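It should be emphasised that the depicted structure is a prediction, and the values quoted were computed from it without experimental measurement. The sequence lines fix the lettering, A, B, ..., with proteins before strands; numbering per chain opens at 1. These numbers come from the heavy atoms of this one structure, side chains and all, not from hydrogens, waters or symmetry mates.
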Amino acid sequence: MFALVDCNNFYASCEIAWRPHLRGRPVVVLSNNDGCAIARSPEAKALGIKMGQPAHELRDLVRSGLVMCSANFTLYGDMSRRVVAILREQVPRLEVYSVDECFLDFRGIRDREAFAHRLRERVRRGTGINNCIGIAESKGLAKLANKIAKRGAGVVDLVDADRRNAALEDFPIADVWGVGPRWAAKLSAIGITTAAHLRDASPAMILERYGVTLLRTQRELQGTACLTLDEVEPDRQQIVVSRSFGERVEDHAAVAQALATFAVRAAEKLRKRGLVAAGVQVFASTDTFRPELRQHHPCRAMTLPTATSDSRLILASVHRMLASFLRRGCAYKRAGVALLDLARPSALQSDLFAPAVVGDDKLMALVDGINRRFGRGTAGFGATGWQARPTWGMRQRDVSPCYTTRWADLPIAHC
DNA sequence: TCTGGGGTCCTAGGACCC
DNA sequence: TCTGGGGTCCTAGGACCC
């Protein structure tokens, strides 16, 4: 028995929670580089703004009241932790599924709907974030129940068979969790246009044409829980830091600085999770939206001689791969660094003649400590260029303050 | 003027091993 | 008429998720 708590328009709700004058107004949150809409308040949806719609197509709407916010992922991450903390107080077991969703173990709860309504209200009062709850026998059905709850009821319980069947009858196949655009098109072509159709389709046919993933989805729709509540987040297999640049960059030294910056960020994330990497990959890309310009999409990877989380060793490997990596006359729009083959140091196979992990943990802990205390970038590496506004930097026109994570940005209440 | 970023799982095919 | 059989590892590509 699962409940899925899903925050409504999460990023937009976070912005509105701290800027109450935005309530009732159309608000969108933009992707990095202020590129496209990644979250929309209900009022923004009502204006017909689509998910992923480019920001430049929205400029005209600003004059009629649309508010566009640059993404502030620090704020959203902290708000997410607050929502989870409130839920943890109320249920013994939960899985943080994404930044704005939690699966809860709802077994043994007597009046599920009343309990869910109280839960919703607690989250709303504690964080200002509106949310909906779907309840069912499997995660897949809880997802589906949640989508129906978003239509207005707030809480939907599909444990009752009659209610579940009715819900599946008119639930579009494209909205089913685990059915993406490709499969939705293929399924529709053979007459499977609703969740009920998929539930009743031949399992052998599903397995043969789509594989075990969709077969699992089908069984979940039938009410058989194939997915479990995973309370512990599994260790990452890879960490990627990549960005589009604010403008096209032809200067290879600038791209190298960007890659060094991403490598340092990736190493920080790696250490925060207590992992080491045994592989490093670098990639870059010219502007794919301008096919008339010279295109180049270089990508290189190497295996490290010994696993590490030391920024200096990761930087050195990036530097080595950069030799004749970029092409003269190409202007790059995006680049990234990936750390691969991640592992816990304790889980590594030891070598009779060499250490299993290399690097200076004490030095890295010191650097991380300084940056935690005095702000990111206080202590760092020369290879990153060390500029306040590098040419490859992101465009961000209107970032909200980090209300909950930076002393200087603390909101002030006037009485 | 310009269209994001970060993940996972599954499968098929080739290389290689005994 | 004849081609062996059974296995793992790695990689690329395709699908999905938020």
Pairing stems for DNA chain B [at least three consecutive pairs; Watson-Crick or G-U; under 3.5 angstrom]: B:5-18 with C:5-18
Between A/Val240 and A/Ala55, the residue closer to the 5' end of DNA chain B by nearest nucleotide is A/Ala55
Does the side chain of A/Arg395 get closer than 4.0 angstrom to OP1 or OP2 of B/dT3 through an N or O atom? yes
Could you tell me whether A/Val29 contacts a base, only the sugar-phosphate backbone, or nothing, with contacts defined as non-hydrogen atoms closer than 4.0 Å? nothing
With a 6.0 Å cut-off on ring centres, are A/Tyr97 and A/Trp177 close enough? yes
What nucleotide among B/dT3, B/dG4, B/dG6 has an atom nearest to a side-chain atom of A/Arg243? B/dG6
Residue among A/Thr217, A/Thr194, A/Asn165 satisfying side chain to side chain donor-acceptor pair (under 3.5 Å) with A/Arg199: A/Asn165
Is any side-chain nitrogen or oxygen of A/Arg59 closer than 4.0 Å to OP1 or OP2 of B/dC2? no
Does the distance from a Lys or Arg side-chain N to an Asp or Glu carboxylate O, for A/Arg327 and A/Glu250, drop under 4.0 Å? no
Counting any heavy atom closer than 4.0 Å, what does A/Leu30 reach on the DNA or RNA strands: base, sugar-phosphate only, or nothing? nothing
Which sits closer to the 5' end of DNA chain B, A/Val241 or A/Arg290, going by the nucleotide each is nearest to? A/Arg290
OP1, OP2 of C/dC18 versus side-chain N and O of A/Lys143: anything below 4.0 Å? yes
Which of residues 96-105 of chain A have a heavy atom under 4.0 Å from DNA chain C? A/Tyr97, A/Ser98, A/Asp100, A/Glu101
